[in-house]
Number of protein chains: 2
Amino acid sequence: MGSASRVVNGHPGVRPEIRERVRTAARELGYRPDPLAQGLRARRSRLVTLVVPDITNPFFAELARELELDCAARGYQLVLRNSMESPATEYDALLSALDHRPSGIVVVPTAGTTALPATGDVPLVVCDRRLPGGAAPTVVSDNRQGASAATAYLMGLGHRRIACLAGPPGVHAADERLAGYLALTGGTPEGHGPVVRGPFDYATGQRAARELLDLDRPPTAILAGSDQQAIGVLHACLNRGLRVPDDISVCGFDAIALSALTSPALTTVRQPVRRIAARAMEFLLGPRPPDPAGFPAPAGADDCAGAGDSVGARDSAGARGSTGARDSTGAADSAGASDSAGARDSTVAGSSTRAADPSAPHSDVRNAPAPHPAEPDADLPHPAAPVLVSLPTELVVRASCAPPPEGTRTP
Amino acid sequence: MGSASRVVNGHPGVRPEIRERVRTAARELGYRPDPLAQGLRARRSRLVTLVVPDITNPFFAELARELELDCAARGYQLVLRNSMESPATEYDALLSALDHRPSGIVVVPTAGTTALPATGDVPLVVCDRRLPGGAAPTVVSDNRQGASAATAYLMGLGHRRIACLAGPPGVHAADERLAGYLALTGGTPEGHGPVVRGPFDYATGQRAARELLDLDRPPTAILAGSDQQAIGVLHACLNRGLRVPDDISVCGFDAIALSALTSPALTTVRQPVRRIAARAMEFLLGPRPPDPAGFPAPAGADDCAGAGDSVGARDSAGARGSTGARDSTGAADSAGASDSAGARDSTVAGSSTRAADPSAPHSDVRNAPAPHPAEPDADLPHPAAPVLVSLPTELVVRASCAPPPEGTRTP
DNA sequence: GTGAAAGCGCTAACAT
DNA sequence: ATGTTAGCGCTTTCAC
């Protein structure tokens, strides 16, 4: 029975003969490991908890989907929690999530979150937004760079009065986007255009647009802080009888599905949701096919047959041995992290290399304001885990932006 | 220690003194029950699994949120799974969900789903869509009635050429909505207008609208199968230079948040998402405050004090005893179910009365290798459980519909 | 490398 | 009504 367990968990050091015998028996008996018992004993359930402010936000929904798909592929289950933008609710959600001893936690903190509960040895990663003090490992997209790219695009089109509708103060993504905008417009002879801030929602977009349009010299372009805002802006403009992009340009942020389907289609900045999800999961669970077992991961007893049959040789290397079986990831991703460096000093992190053991690398990453100020040494198992990963965004040029009405001016 | 368990689980028959003692100790020790151990022993985890085609669909996101909120309030966690409209994926998701011995399963089946796996003694409820053969307990909104209401409204406005953009064939909600439309227009002297079918998404709306607008005698109103479709229609019309609602009326379905924020705001049919969620949860877990414990449900050790104290009497009737403690629900909701009967024979269910024991009523609903071929005996727990609950929808009149351009004709 | 034994933290039958 | 006793199904030392 000990050996059975070893086989199921893909532990090395089991004679091939025995392993096959166990596998066959398992298959014939239709054996399915009991996650509860496993969890109780191993003090770790195959659950990943996601805490978002509100799953109804299309961006979070997309994130949730990507995470869930990734979980499913690895044989994990995604637990969903809504904090409803309440730090207290978020805190409670985290606490009760912890009770279930999840394999990892992904949280998109509320605007008011200052600290997260101690997670013990449960790895946690912050997504999309940042916590003050960078108190936890974080993966975000490079909002500043994205906003700058959009601003540059607008300026290149000839716009000189570009308004910025930014998200709520204190929300990292909002602040960063604003910073990206200011970085380019601030140095301009005309100075930067009007700035309005507010929640990332449709209503705010409408309200802000009306406000902006009522100005003495209304802007010729509006850079919104989210697609939802941008759509609100779009509608407000349209309602005012303005043509977009002929009379005014509008640019969004996020590239949610809907943004492609407005009229005109929204020029926007794409957040690499899929990559964000992938990086987060990688951080929590290790590189993609941890293949933690010869077969328990795949759900149906069916498909494991196909896969399991010829697998015998596969894990000769030991899917999760103590050696650098997983550095493939490290290499690829350090690249991903650094190529976002196009934007200034901001973000970007202590690059790639992660220790091999999935249980170890996180413990020190948490709370810990920088475990070691500097890590000169570096071979394989050094405890230097990236604290902040910033993924590059992508400008999606569609139809909602054009040169300003009066005529383009080439600088 | 036995008593401790009894207290924690709110079992009756514990002397108040002891109970207090246990509670105090628990509080001081910061005791938190281990859900894994509880689950292993009780063969039931405090998890509820939700399987949706795609959480990215705003309607499902809303459903998920409501369910999650309800779960959280009861001390449960919501596991999210995306079937991506693939019956096979859905099946696997259910299978692996079952491994965790959830307290219940909510599934929005894919269009191609014909059967669900046997869930053993795990209660399962189908939401929003229906399974062929009504093989499982179901709670949906009365789509037919909703579509009829919208159609009637349009006809009342004077429209005679109303097109219907319906969802994909085979999807129950889509079929029902179409039926609701046909029921009113079919008998009309002019007969019903053109019908187009396709996925519930934005793109389909745009495509269909263009198609419809190219007709020799284009419709004066379009009844869409979803808000997403309707928004696509809206954009397509606007792009064609048509004014909505002056030149053409558009009506949506679902009343997602976005529908209020388009310009013009969408007239649509509201699905009682919150009630759907509430009913589903009630079906799975019993009436709202099952308060399965004096305090483990509330997350923080803080709030448990307030609630737990005076609870003592609550469960005198036994929140989930073998008697009809839950027909309060049945009464209220059977009403809800039947007043939707305004639309013909359709939906509506074997009204209210449900068996009291949560473990029993479901077993027979499934195909199930039936433990006992027949269970003649029946006192309160008669196996007559409602198989279908249909909740009434609500027409939300906003700005996207108006009398047809040529002039209204009063019948 | 492989069995055997000892529990993970809790609940449900038991005896009291 | 309370204390005691078995395990739930698995992982993990620990001897072999």
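Every chain is numbered from 1 and lettered A, B, ... according to where its sequence line falls, protein lines coming before strand lines. These numbers come from the heavy atoms of this one structure, side chains and all, not from hydrogens, waters or symmetry mates.
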Once you round it to whole Å, what is the distance between [atom2] of [N] and [atom1] of [X]?
X	N	atom1	atom2	result
B/E17	D/dA1	CD	P	13 Å
A/R101	D/dC10	CZ	P	19 Å
B/R41	D/dA6	CZ	P	13 Å
B/R44	D/dC8	CZ	C1'	14 Å
B/R21	D/dG3	CZ	C1'	12 Å
A/R6	D/dT11	CZ	P	11 Å

Check whether any side-chain heavy atom of [X] lies under 4.5 Å from a side-chain heavy atom of [Y], and answer yes or no.
X	Y	value
B/M84	A/L69	yes
B/Q77	A/L80	no
A/Q38	A/N9	yes
B/L285	B/S103	yes
B/P109	B/V126	yes

With nearest nucleotides of DNA chain D determined for B/R15 and B/A42 from heavy-atom distances, which residue corresponds to the more 5′ nucleotide? B/R15
Closest to the 5' end of DNA chain D, once B/V14 and A/D34 are matched to their nearest nucleotides, is B/V14
Give B/L36 one of three labels, base, sugar-phosphate or nothing, depending on what nucleic acid heavy atoms sit under 4.0 Å from its own.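 Touches nothing.
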To the closest 0.5 Å, what do you measure between CG (B/L47) and NE2 (A/H100)?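 The distance works out to 6.0 Å.
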Measuring to OP1 and OP2 of D/dG3, would you say a side-chain N or O of B/S3 lies under 4.0 angstrom away?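 Answer is yes, contact under 4.0 Å.
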Side-chain N,O (A/R43) to OP1/OP2 (D/dC10) below 4.0 Å: no
Please identify the 5'-most and 3'-most nucleotides of DNA chain C with any atom under 4.0 angstrom from a heavy atom of chain A.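 The protein-touched segment is C/dG1 to C/dG9.
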Look at A/E68 together with A/R65 and state whether they make a salt bridge at an N to O cut-off of under 4.0 Å. no
